[in-house]
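Heads up: the structure comes next, in structure tokens.
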Amino acid sequence: MTILTISLFSFLLLIASICLCFCNGDSNVLCIESERDALLKFKNDLIDPSNSLSSWVEGGDCCDWNGVVCHNSTAHVTQLLLAPPDGRQGYGRSALGGKINPSLLELQHLNWLDLSNNNFSTIQIPKFLGLLGSLTYLNLSQTRFQGAIPRNLGNFSELQYLDLGRNYFSKYLDLSGVHLRKATDWLQVTLSNLPSLLELHLSDCMLQDDTSPISTVNSTNSLAVLDLSWNELSSVLMSIFGLHGLVSIDLSYNSLEGPIPDYFGNMSFLEVVDSSFNSLNSSIPNSLYSLNHLQSLTLSFNDLQGEISSAIGNLSSLIHLDLSFNELQGKVPDSLGDLCKLKEMDLSSNGIDQDISQILLILSTCCLDSLESLRMSYNQLSGHLTDQLGQFKNLAYMDLARNNISGLIPWSIGELSFLKAFDVSENQLNGISDVVPTWFLNLSTQFENVNLSSNQLTGRITYLNVGNIVDLCSNRFFGPLPRLLSNRFSGPLEYLSLSRSLFSGSLYEFVCNSSMTSMKVLLIDTNFLSGGIPDCWNLGQELKFLNLGNNNLTGKIPSSLGDKSLEMLNLRNNSMLGELPSTLQNCTNLVVLDLSKNHFSGRIPAWIGDKLSKLVELFQNVLDI
């Protein structure tokens with residue numbers, strides 16, 4: 001019994017000694033070696049004229065060093081307080097200088113960094129400071145830093161205090177993505193110390209009407225670029241209109257409501273205005289049309305009403321005009337033809353009711369050489385396309401889909417040598433009936449997307465050398481399938497539809513001698529193809545959709561057709577026979593398999609249920625079920 005008591009007493013003494021050594025926050029705990037080494041590297045790049053960091057020595061306890069604070073129990077370095085005691089802006093004898101070593105990144109628990117009142121006059125704020133994710137306090141005021149404020153300072157998710165005042169920064173500040181709804185005080189202090197700021201980017205900062213810091217900078221005319229996009233503003237802040245020198249303002253993707261303020265007319269230097277994706281519901285005020293320096297006006301995706309005023313002709317510098325997805329009505333004014341620099345105009349998805357030939361006539365008075373993009377789909381346009389269309393020599397994009405345009409497509413469209421996209425679908429145009437000329441197949445440098453579907457085009461197509469998306473379905477082409485030529489200008493052919501036509505002959509040349517290795521969609525159904533599917537499938541490993549249904553194909557399904565990427569295989573209504581090849585079980589992504597109306601035999605293999613787990617449609621006529 002005595003021995004047991006002594007042993008227990010010894011054990012308790014051991015526990016007590018451990019607690020004294022490790023549990024007492026005031027004990028002599030040495031700092032962590034890796035953090036001490038990081039601090040010494042940091043010191044080595046500094047200029048220390050007064051030897052204020054003399055306590056920072058090899059082998060010492062960094063938790064006792066001047067300006068270093070460690071956590072009581074973990075010994076991690078949590079604070080660096082390196083402001084000189086005399087407090088003079090970079091001129092005191094104890095001011096530090098030199099460079100800031102990236103070794104600070106090894107102090108992963110650092111939450112307080114004060115370098116204020118030092119002299120770093122030869123360097124910018126290091127970008128790596130934005131990687132100190134644990135910082136809650138950062139004071140770099142009066143340090144004579146130069147150049148730009150690093151954009152990644154916006155990465156401080158825990159920061160509660162930031163002071164960059166009284167430095168020599170360049171005139172650009174981007175804090176996009178920093179949530180400032182509850183932390184605008186330090187931003188206002190920062191902005192008040194940047195009196196010559198030219199650009200301010202506060203996109204996606206969760207700003208609301210009562211939390212915006214713009215009132216801090218509206219006393220100066222220096223600000224030229226202001227980005228408040230992707231916030232939660234419900235009205236255009238009146239303080240913005242005090243920024244008389246503003247050149248660009250972005251208010252897109254907010255919750256702006258009501259009319260567009262007339263005060264925009266007082267900002268005479270504006271070149272870019274973007275208030276898209278809001279809920280503005282007025283007509284466009286004439287004051288906005290008075291900005292004769294304006295180059296880009298984007299008001300798309302709002303609820304704007306009324307007609308486009310003839311005052312739009314005053315925007316003599318306008319290059320880009322986007323009023324799409326609104327409720328504008330009536331006709332475009334004749335003064336639109338005064339915009340001699342206009343390159344892009346998008347009036348899609350409105351209620352404009354006008355003859356398309358009148359619009360082309362208005363634009364032709366001044367925009368013949370400048371206009372590159374005209375988009376007016378989803379309106380109520382009527383009338384005929386005229387040969388006047390061919391006069392817009394630099395036109396690259398034209399979208400007039402979903403209107404009431406009738407008649408023929410004019411021959412002059414062939415004169416548009418820069419045309420990349422032309423969409424007049426879902427109008428009342430006559431069907432195109434003609435033989436596709438050889439020259440059309442040689443436009444390899446021009447088209448990425450060719451869609452001539454649902455017409456009455458006829459003739460033979462010996463080769464295809466156009467685009468990475470080609471849709472020629474629902475026409476009257478005949479003869480053998482065309483030879484596919486690779487096109488180094490428009491990228492690899494990925495989508496090809498030759499469905500519902502009169503193609504005939506074998507698949508062999510088309511499949512086995514093709515250089516198309518990136519084909520994803522191949523549709524040749526409803527033709528007159530004959531013979532077997534050759535066992536040399538050579539259209540790449542990315543084929544997802546294959547439709548050869550409604551032809552006269554015979555023979556077995558080749559084993560080379562089994563590919564893991566295949567998602568849809570349609571061989572419906574042919575004369576194919578035999579059993580399913582076991583390689584089809586490799587098509588583990590297969591969702592649709594249609595083998596109906598053929599002469600296949602044998603049982604449905606068990607691997608269909610086991611291997612093809614994504615299969616949702618299975619049509620197969622077999623002898624034994």
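Sequence positions, counted from 1, serve as the residue numbers for this chain. What you are looking at is a predicted structure, and each value in this text was computed from that prediction instead of being measured.
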Do Ser248 and Glu199 come close enough that some side-chain heavy atom pair is under 4.5 Å?
no
Check whether Asp274 reaches the backbone of Ser276 with its side chain - one donor and one acceptor, N or O, closer than 3.5 Å.
yes
What's the separation between atom CG in Leu291 and atom OG in Ser268, rounded to the nearest 0.5 Å?
8.0 Å
Side chain of Ser501, backbone of Phe503: donor and acceptor closer than 3.5 Å?
no
Scan side-chain atoms only and decide if Arg500 and Thr526 contain a donor-acceptor pair under the 3.5 Å cut-off.
no
Any donor-acceptor pair under 3.5 Å from Asn394 side chain to Asp369 backbone
yes
Does any donor atom in the side chain of Asn403 or Asn427 lie under 3.5 Å from an acceptor atom in the other side chain?
no
Side chains of Leu457 and Arg476: does their closest heavy-atom pair fall under 4.5 Å?
no
Run Phe545 and Asn570 through side chain to side chain contact (heavy atoms under 4.5 Å, CB included) and show every step you take.
CA-CA 8 Å; Phe545 300 92; Asn570 188 345; over 6 Å; no
Measure the spacing between CG of Asp399 and OG of Ser324 and express it to the nearest 0.5 Å.
11.0 Å
Among residues two or more places apart or on two chains, list those pairs meeting side-chain hydrogen bond (donor to acceptor under 3.5 Å, both in side chains) that have a residue in residues 352-363.
Asp355-Ser357
What residue among Ile308, Leu318, Leu294 forms side-chain contact (heavy atoms from CB on, under 4.5 Å) with Tyr289?
Ile308
Verify, without hydrogens or angle tests, whether Ser349 (side chain) and Phe325 (backbone) share a donor-acceptor contact under 3.5 angstrom.
no
Looking at Leu529, is its backbone amide N or carbonyl O close enough to the side chain of Asn527 to form a donor-acceptor pair, meaning the two atoms are under 3.5 Å apart?
no
Kindly determine whether Ile469 and Asp471 satisfy side chain to side chain contact (heavy atoms under 4.5 Å, CB included), including the steps that lead there.
CA-CA 7 Å; Ile469 299 177; Asp471 190 348; 5.6 Å; no
Where is the tightest heavy-atom contact between Ser565 and Leu543, given as atom of each residue plus distance?
OG-O, 2.8 Å
Between Ser229 and Ser203, is there a side-chain donor-acceptor contact under 3.5 Å, judged purely by atom types and distance?
yes
Going by an N to O cut-off under 4.0 Å, is there a salt bridge joining Lys614 and Glu567?
no
For Lys343, is the NZ atom crowded, meaning more than 12 foreign heavy atoms sit under 6.0 Å from it?
no
Check: Asn254 and Leu207 side chains under 4.5 Å, non-hydrogen atoms:
no
Under the side-chain hydrogen bond (donor to acceptor under 3.5 Å, both in side chains) criterion, do Asn286 and Ser309 qualify, and how do the steps go?
CA-CA 7 Å; Asn286 284 348; Ser309 169; 3.1 Å; yes
Any donor-acceptor pair under 3.5 Å from Asn350 side chain to Ile352 backbone
no
Check the pair Phe301 / Asn278 against side chain to side chain contact (heavy atoms under 4.5 Å, CB included), numbers first and verdict last.
CA-CA 7 Å; Phe301 289 90; Asn278 282 288; over 6 Å; no
Taking the side chain as C-beta and beyond, is there a heavy-atom pair between Leu371 and Leu363 under 4.5 Å?
yes
Verify whether one side chain among Ser348 and Arg375 offers a donor that lies under 3.5 Å from an acceptor in the other.
no
Check: Cys205 main-chain N/O paired with Asn231 side-chain donor or acceptor under 3.5 Å
yes
Give a yes or no answer on whether the side chain of Asn281 reaches the backbone of Leu304 with a donor-acceptor pair at less than 3.5 Å.
no
Using a 4.5 Å cut-off on heavy atoms from C-beta on, say whether the side chain of Leu496 contacts that of Leu484.
yes
Side chain to side chain contact (heavy atoms under 4.5 Å, CB included) between Phe528 and Asn552, intermediate numbers included
CA-CA 6 Å; Phe528 295 94; Asn552 297 321; 4.2 Å; yes
Just by distance, no angles: are the side chains of His293 and Glu271 close enough, under 3.5 Å, to form a donor-acceptor pair?
no
If we count only N and O atoms by modelled type, under 3.5 Å, do the side chains of Asn292 and Ser316 hold a donor and an acceptor together?
no
Distance-only side-chain donor-acceptor flag, Asp209 / Ser234, under 3.5 Å:
yes
Between Asn326 (side chain only) and Leu299 (backbone N and O only), is there a donor and an acceptor less than 3.5 Å apart?
yes
Of all the heavy-atom pairs spanning Asp387 and Trp411, show the shortest one and how long it is.
OD1-N, 3.7 Å
Give a yes or no answer on whether the side chain of Ser222 reaches the backbone of Leu197 with a donor-acceptor pair at less than 3.5 Å.
yes
Do Leu472 and Leu464 touch side chain to side chain, with heavy atoms closer than 4.5 Å?
yes
Answer with yes or no whether the side chains of Asn314 and Ser290 bring together a donor and an acceptor at under 3.5 Å.
no
What distance do Leu400 atom CG and Ser377 atom OG have between them, rounded to the nearest 0.5 Å?
8.0 Å
Say you draw a straight line from CG of Leu339 to CG of Leu315; how long is it, rounded to the nearest 0.5 Å?
6.5 Å
Rounded to the nearest 0.5 Å, the CG atom of Leu342 sits from the OG atom of Ser317 at a distance of 12.0 Å
Would you call Met267 and Val273 a side-chain contact if the rule is heavy atoms closer than 4.5 Å?
no
Of all the heavy-atom pairs spanning Asn547 and Gly549, show the shortest one and how long it is.
OD1-N, 3.0 Å
Could you tell me how the ring of Phe241 sits relative to the ring of Phe264: parallel (under 30°), tilted (30 to 60°) or perpendicular (over 60°)?
perpendicular
Side chains of Asn404 and Leu381: closer than 4.5 Å at any heavy-atom pair?
no
So, taking the atom named CG in Leu361 and the one named CD1 in Ile356, what distance separates them when rounded to the nearest 0.5 Å?
11.5 Å
No-hydrogen, no-angle side-chain donor-acceptor test under 3.5 Å, Asp262 and Ser287
yes
